[in-house]
Amino acid sequence: MVTIKASYIVVPNEPTPEGFQWLSEPDQVARQSHTPTIYVYNAKHNHDALVERIRNSLSKILCYYYPVAGRLRKLEEGGRLELNCNAKGAVLIDAESTKTVHDYGDFMGDSAKDLVPKVEYTNTPIEELPLLVVQVTSFLGDEAFSIGVAISHTLSDGVASIQFINSWAKLARGETLEPHEMPFLDRTVLKFTEPPQSPRFEHQEFKPLPLILGRSDTTIEKSKRVEAMTLKLTAEQVEKLKNKANADKSREGSRPYSRFEAIGAHVWRCASKARGLDENQPTLLRFNADIRSRVIPPLPRNYFGNALVLKTASSRAGEILSNSLGHAAQKIREAVEELTYEYIKSQIDLIRSQDDMDEARALSFGINEGKDAVFVGNPNLRITSWLSMSMNEADFGLGKPIYLGLAGGTVQERALITHSPDADASIFLFLHFQMEHIQLFKNYFYDEI
């Protein structure tokens with residue numbers, strides 16, 4: 001059981017710029033919810049002193065990242081969102097748990113949801129929702145604590161959010177930010193002024209997802225129970241997967257498959273096999289791609305906002321199961337390689353061409369997690385990679401986290417690949433999967449490595 005002791009509104013400790021900021025198309029179609037992440041620390045501490053440290057450092061980092069202390073506003077005409085830099089502040093929750101850190105297991109269960117703030121969108125105007133809500137929870141005995149973070153996805157993607165948290169942690173340690181660590185807050189670098197052109201590519205990411213053969217809707221699959229699991233890949237297993245994917249590489253001189261391509265291909269194949277899909281079953285693997293280095297000119301390294309586009313790899317189940325791991329990795333590689341600057345502009349133009357931004361959000365995947373959300377589950381899968389993010393740098397002065405990752409469950413089948421907090425080059429796979437197929441997935445996942 002978690003008890004809330006206090007709740008604070010934390011504002012920047014110095015005056016910050018005011019006014020409204022334009023939000024880009026990737027911001028507009030980002031999922032309208034708060035992304036829940038959790039950091040767990042094994043450190044003896046004084047709870048009140050810890051909360052004070054977090055509170056003071058948050059007020060400092062909000063001076064640099066002042067949009068985080070603002071609010072969103074929806075414009076009546078066109079349905080666009082904009083950012084109101086009004087310094088209304090973030091919310092910090094002071095909490096204690098009656099459980100020890102070990103009682104939470106791998107933090108994938110329902111009980112861990114109490115450690116991350118839940119932001120209620122249903123009955124609250126978007127203009128009143130804080131963009132950042134943080135919960136500091138001490139476990140029984142004050143031998144460990146967690147920091148649960150819920151940050152608006154409209155405000156920032158994972159790369160930008162981790163950059164913010166790591167900078168915040170640095171201030172909490174009593175250090176200062178270097179010039180190269182300052183956030184770049186001008187989102188107009190992703191603003192296209194010329195009229196949108198018609199699509200120049202097929203853009204499968206905006207087309208209806210394939211259903212299970214013989215079905216007319218997703219009702220049956222949506223009703224099935226989804227469970228969470230954590231699977232670990234050692235550095236040796238990761239290397240083995242990469243070697244296996246690259247063993248029969250057909251394109252001479254092309255670069256080896258990355259960890260994401262090899263692990264993503266392995267997860268896709270294991271999911272298709274565990275589900276028992278018909279060999280003729282179309283199946284998609286959906287993922288977001290970071291465009292910071294893909295646009296011209298490239299975005300500044302510390303660009304704070306959403307710089308993601310949606311991409312899809314597609315196949316038939318029989319094709320990816322009857323061929324090698326490298327074949328599935330090549331499907332992902334082809335989807336990644338299609339992400340040229342022209343492709344990115346075409347996708348953004350498709351969003352811009354909608355008369356109302358709500359229509360654009362309906363085009364895109366994962367905009368809402370409510371009852372009308374697009375279902376991306378059996379026979380499809382969505383996968384997210386955090387391998388490029390330095391998540392384990394979030395040391396608030398009491399050591400690095402012993403656990404980090406997404407918090408809480410999902411009604412859909414989703415995989416997340418991230419570094420283990422251990423300094424051993426191992427990787428965690430967090431997976432929400434239909435309960436009836438979980439054991440088979442685990443068997444295939446490890447048997448084929």
Side-chain angles (χ1 to χ4, degrees), residues 37-38 40 105-109 158 162 227-250 254-277 283 285-289 313 315 317 319-333 335-336 381-393 400-406 413-435 437-449:
T37 54
I38 187 170
V40 181
D106 62 3
F107 292 91
M108 293 290 282
I162 298 304
E227 288 286 331
M229 58 178 158
T230 304
L231 302 175
K232 184 176 182 178
L233 288 170
T234 65
E236 292 74 22
Q237 288 172 323
V238 171
E239 195 61 28
K240 188 173 181 180
L241 270 181
K242 287 182 63 180
N243 291 338
K244 188 174 181 181
N246 287 293
D248 61 345
K249 211 160 188 317
S250 57
S254 60
R255 61 181 174 83
Y257 293 120
S258 67
R259 290 176 300 176
F260 169 68
E261 290 164 340
I263 297 171
H266 184 55
V267 172
W268 194 12
R269 294 177 84 241
C270 291
S272 299
K273 195 171 183 180
R275 289 163 167 170
L277 298 180
T283 173
L285 183 74
R286 282 191 154 180
F287 57 93
N288 285 318
S315 182
E319 181 184 351
I320 62 171
L321 291 178
S322 62
N323 286 288
S324 66
L325 179 65
H327 182 84
Q330 181 61 26
K331 291 285 185 181
I332 299 174
R333 167 70 58 86
V336 172
L381 187 70
R382 58 173 173 164
I383 190 164
T384 300
S385 172
W386 285 357
L387 292 176
S388 65
M389 304 181 198
S390 302
M391 291 189 67
N392 60 354
E393 296 302 315
K400 293 186 177 183
I402 59 168
Y403 173 89
L404 49 89
L406 281 174
E413 289 151 287
R414 179 182 185 184
L416 169 67
I417 307 169
T418 186
H419 292 286
S420 161
D422 302 322
D424 59 0
S426 59
I427 284 174
F428 279 165
L429 172 73
F430 301 109
L431 181 66
H432 295 88
F433 207 59
Q434 287 179 346
M435 187 176 178
H437 305 309
I438 280 182
Q439 192 54 54
L440 274 177
F441 181 92
K442 287 181 179 178
N443 293 343
Y444 295 137
F445 188 79
Y446 286 115
D447 287 350
E448 297 191 12
I449 297 178

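- With contacts defined as side-chain heavy-atom distances shorter than 4.5 Å, the pair E448/H266 qualifies.
- Proximity of I438 to M229: side-chain heavy atoms (C-beta onward) are separated by under 4.5 Å at one or more points.
- Residues K273 and L440 form no side-chain contact, since every pair of their non-hydrogen atoms from C-beta on lies 4.5 Å or further apart.
- The line from CD1 of I263 to SG of C270 is 11.5 Å long, rounded to the nearest 0.5 Å.
- In this structure the side chain of K242 never reaches within 4.5 angstrom of the side chain of E261, judged on heavy atoms.
- With sequence neighbours left out, D424 forms a side-chain hydrogen bond (donor to acceptor under 3.5 Å, both in side chains) with S426.
- T283 and W268 share a side-chain donor-acceptor pair at under 3.5 Å.
- Judged by distance alone, with hydrogens and angles left aside, the side-chain atoms of Q237 form a donor-acceptor pair with the main-chain N or O of T234 at under 3.5 Å.
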Would T384 and I417 count as a side chain to side chain contact (heavy atoms under 4.5 Å, CB included) here? Give the steps. CA-CA 6 Å; T384 300; I417 307 169; over 6 Å; no
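- Side-chain contact check for L231 versus Y446: some heavy-atom pair is nearer than 4.5 Å.
- Taking the six-membered ring where tryptophan is involved, the planes of F260 and F287 are perpendicular, since the angle between them exceeds 60° and thus also 30°.
- Listed by first and then second residue, the salt bridge (Lys or Arg N to Asp or Glu O under 4.0 Å) pairs involving residues 322-331 are E319-K331 (not counting sequence neighbours).
- The backbone N or O of P256 sits less than 3.5 Å from a side-chain atom of R333, completing a donor-acceptor pair.
- Remark: the backbone N or O of E239 is not paired with any side-chain donor or acceptor of R259 at under 3.5 angstrom.
- A donor-acceptor pair under 3.5 Å links the side-chain atoms of H419 to the main chain of L387, judged by distance alone.
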For side chain to side chain contact (heavy atoms under 4.5 Å, CB included), just list the numbers for S324 and H327, CA-CA rounded to whole Å, side-chain angles, deciding distance to a tenth of an Å, and then say yes or no. CA-CA 5 Å; S324 66; H327 182 84; 4.1 Å; yes
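- In this structure, R382 contributes its side chain and L285 its backbone to no donor-acceptor pair below 3.5 Å.
- No side-chain heavy atom of P401 sits under 4.5 Å from any side-chain heavy atom of V40.
- Of the options T230, V267, L416, L233, a side chain to side chain contact (heavy atoms under 4.5 Å, CB included) to L429 is made by V267 and by none of the others.
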Would L321 and R269 count as a side chain to side chain contact (heavy atoms under 4.5 Å, CB included) here? Give the steps. CA-CA 6 Å; L321 291 178; R269 294 177 84 241; 4.2 Å; yes
Using salt bridge (Lys or Arg N to Asp or Glu O under 4.0 Å), reason through R275 and E413 one step at a time and then give a plain yes or no. CA-CA 12 Å; R275 289 163 167 170; E413 289 151 287; 3.2 Å; yes
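- Taken to the nearest 0.5 Å, the OG atom of S272 stands 3.5 Å off from the CD1 atom of I320.
- For T418, the side-chain contact (heavy atoms from CB on, under 4.5 Å) test picks out W386, M391, L404, F428, F430, with sequence neighbours left out.
- The number of heavy atoms from other shown groups lying within 6.0 Å of NZ (K240) does not exceed 12.
- Side-chain contact between I383 and R414 is absent, with no heavy-atom pair separated by less than 4.5 Å.
- Two residues are said to be in side-chain contact when any heavy atoms from C-beta on lie closer than 4.5 Å; I332 and Y257 fail this criterion.
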